[in-house]
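For reference, the structure discussed in these notes is given below.
Just the heavy atoms: all of them, side chains too, but no hydrogens, waters or symmetry mates, feed the values below. In what follows, chains are A, B, ... by sequence order, proteins preceding strands, each numbered from 1.
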There are 2 protein chains.
Amino acid sequence: MGATKTDLFTKEQNELANIARALGHPARIAILQHLVKINACICNDLKNELGLAQATISQHLKELKNLGIIQGSIDGTSICYCIDPKVWEEYKILFQTFFAGYQNPDKKCCEPGQC
Amino acid sequence: MGATKTDLFTKEQNELANIARALGHPARIAILQHLVKINACICNDLKNELGLAQATISQHLKELKNLGIIQGSIDGTSICYCIDPKVWEEYKILFQTFFAGYQNPDKKCCEPGQC
DNA sequence: ACATTCTATCGTAATATTGCAATGAAACGA
DNA sequence: TCGTTTCATTGCAATATTACGATAGAATGT
C-alpha cells in the first residue's frame, strides 16, 4: 500500500487531481506566476527568482512540462519557457467547471434530523 | 532535505499550493463531487461510494476538513459532512484569480531571438 | 580544440503521502 | 448494561515527493 488507487476513480477525477497536485507546490505556483507576470518566455533568471538549487528548479519545470501547462524551446545554450495558452485555458475551464458545480443551497445544511 | 521550503515563498503562494495539494487526490475530488451532486450533507454512504477502507476515507475527510472546505456536525452515531459555502466560494475565486492573470499574448512566444 | 554557460539527469537522503488493520471513543437501541 | 453502529486515531508498510550535489550533454565564443 501507499500508492494512490487511481483505478477506483474516473478519468476526469484522476485528471483534475493530477493537475491540482502539480499546482500543489509553492515553487511551481511561483514559476507560473512569474511566467504570467512577464507574459513572455523566461530563459535563465529562475534561479535568482526562486531561492532553490538549479537541479530542483529543473525538476519542477519538468513536472509543469509533463502537465503540458508550459512549453520549452531551445535558444542557444539556454531554454525558453512559456505558458501554453491552450492548455492554460483548458485547465482554467476544468477548475471553473469543478467549482461552478456547487450551488449554495437555500436550506441550511447539516441540521439535526436532516440526515 | 526533502521538505518543502515554504519560507522561500509568499503566503499567497503557499496558500494556493496548499489548497491545490488538498485537491490533488482523486478520492478527495470524488468526495467533493459527491457532496456537490447531492447538494446536502452525507452521513454514511461514502464507503460504498468510494472503494476505499473506512480509515482511509476518514483520513481524506480530515484533510478536507483541515482545509476548511467541508464541515462536519455530529448527528447521533453518524456525522454529517457538507460543503462550507463561504470557503468554497473563497477558493473558487482564488483559482479564478490565478487563472485569470494570464492573458494570451498576441505575439508568438519563445520565438528565436526573443530572449 | 578548449573553456564557458546553461540545463537535464543521476544518485542519494530526508520527508510526506497513501492505505489498511486494529483499536478507541461516543451515541444509540434493546 | 450490553451489544451495535459509526467514525477517529494509532501503528505500520509501501510508495511518492522534495531537495541538492555531482555529473553529463549541448550550444556558444575565443
Side-chain angles (χ1 to χ4, degrees), chain A residues 1-9 13-14 17-31 41-67 70-82 110 112-113 115, chain B residues 1-9 13-14 17-31 41-67 70-82 110 112-113 115:
Chain A
M1 312 106 201
T4 296
K5 295 193 160 183
T6 52
D7 53 305
L8 288 178
F9 308 100
Q13 287 165 341
N14 281 308
N18 270 333
I19 303 168
R21 188 175 40 202
L23 298 179
H25 193 287
R28 294 194 285 271
I29 293 287
I31 290 172
C41 54
I42 47 170
C43 304
N44 50 21
D45 51 352
L46 229 17
K47 198 161 49 181
N48 297 325
E49 193 70 23
L50 320 173
L52 293 168
Q54 181 265 326
T56 309
I57 295 174
S58 189
Q59 252 179 344
H60 286 305
L61 286 170
K62 190 182 175 184
E63 269 201 69
L64 291 173
K65 213 165 26 171
N66 283 343
L67 190 68
I70 67 171
Q71 53 192 182
S73 61
I74 299 171
D75 178 32
T77 53
S78 47
I79 292 194
C80 286
Y81 285 108
C82 64
C110 288
C115 300
Chain B
M1 312 109 201
T4 296
K5 296 193 159 180
T6 52
D7 53 306
L8 288 178
F9 308 100
Q13 286 165 342
N14 281 308
N18 270 333
I19 303 167
R21 189 175 41 201
L23 299 180
H25 194 288
R28 294 194 285 270
I29 293 288
I31 290 172
C41 54
I42 48 170
C43 304
N44 49 21
D45 51 353
L46 229 16
K47 198 161 49 182
N48 297 326
E49 193 70 24
L50 320 172
L52 293 167
Q54 180 265 326
T56 308
I57 295 174
S58 189
Q59 251 180 344
H60 286 305
L61 286 169
K62 190 182 177 184
E63 269 199 69
L64 291 173
K65 212 165 27 172
N66 283 342
L67 190 67
I70 67 171
Q71 54 192 182
S73 63
I74 300 170
D75 177 33
T77 52
S78 48
I79 292 195
C80 287
Y81 285 107
C82 63
C110 287
C115 299

Is it the case that the side chain of R28(B) and the backbone of L64(B) share a donor-acceptor pair, with hydrogens and angles ignored and the cut-off at 3.5 Å?
no
From [options], pick the nucleotide closest to the side chain of [X]?
X	options	value
R21(B)	dT18(D), dT17(C), dC20(C)	dT17(C)
K65(B)	dT17(D), dC20(C), dA8(D)	dA8(D)
I79(B)	dA8(D), dA21(C), dC20(D)	dA8(D)
H25(A)	dT17(D), dC20(D), dT18(D)	dT18(D)

Whichever of I74(A) and G24(A) has its nearest DNA chain D nucleotide further upstream toward 5'
G24(A)
Take F9(B) and Q54(A), find for each the nucleotide of DNA chain D with the closest heavy atom, and name the residue whose nucleotide sits nearer the 5' end.
F9(B)
Look at all strands and tell whether [X] reaches a base, only sugar-phosphate, or nothing, counting heavy atoms closer than 4.0 Å.
X	answer
T4(B)	sugar-phosphate
I57(B)	nothing
L61(A)	nothing
T56(A)	base
A55(B)	base

Short side-chain N/O contact to [N] OP1/OP2 from [X], under 4.0 Å:
X	N	answer
S78(B)	dT6(D)	no
Y81(A)	dA8(C)	yes
K62(A)	dT7(C)	no
R28(B)	dT18(C)	yes
K47(A)	dC6(C)	no

Whole-Å distance separating the [atom1] atom of [X] from the [atom2] atom of [N]:
X	N	atom1	atom2	answer
L50(A)	dA19(D)	CG	C1'	13 Å
L52(B)	dT17(C)	CG	P	17 Å
L46(A)	dA19(D)	CG	C1'	16 Å
L8(A)	dC20(C)	CG	C1'	13 Å
N14(A)	dT18(C)	CG	P	13 Å
K5(B)	dA14(C)	NZ	P	15 Å
H60(B)	dA16(C)	NE2	C1'	14 Å

For T6(A) and for S58(A), find the nucleotide of DNA chain C with the closest heavy atom, then tell me which residue's nucleotide is more 5'.
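Closest to the 5' end, via its nearest nucleotide, is S58(A).
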Which distance, rounded to the nearest 0.5 Å, do you find between the CD1 of I79(B) and the CG of L61(B)?
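Nearest 0.5 Å value for the CD1-CG distance: 9.0 Å.
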Once you measure the plane-to-plane angle for H25(B) and H60(B), does it fall in the parallel (<30°), tilted (30-60°) or perpendicular (>60°) bin?
tilted
Search all heavy atoms of F9(B) against all heavy atoms of N14(B) and return the closest pair with its distance.
O-ND2, 3.5 Å
Give the minimum heavy-atom separation between P26(B) and A17(A), together with the two atoms involved.
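What the structure gives for the nearest pair is N-CB, 3.4 Å.
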Are the side chains of L8(B) and L50(A) in contact, using a 4.5 Å heavy-atom criterion?
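No, every pair of side-chain atoms sits at 4.5 Å or beyond.
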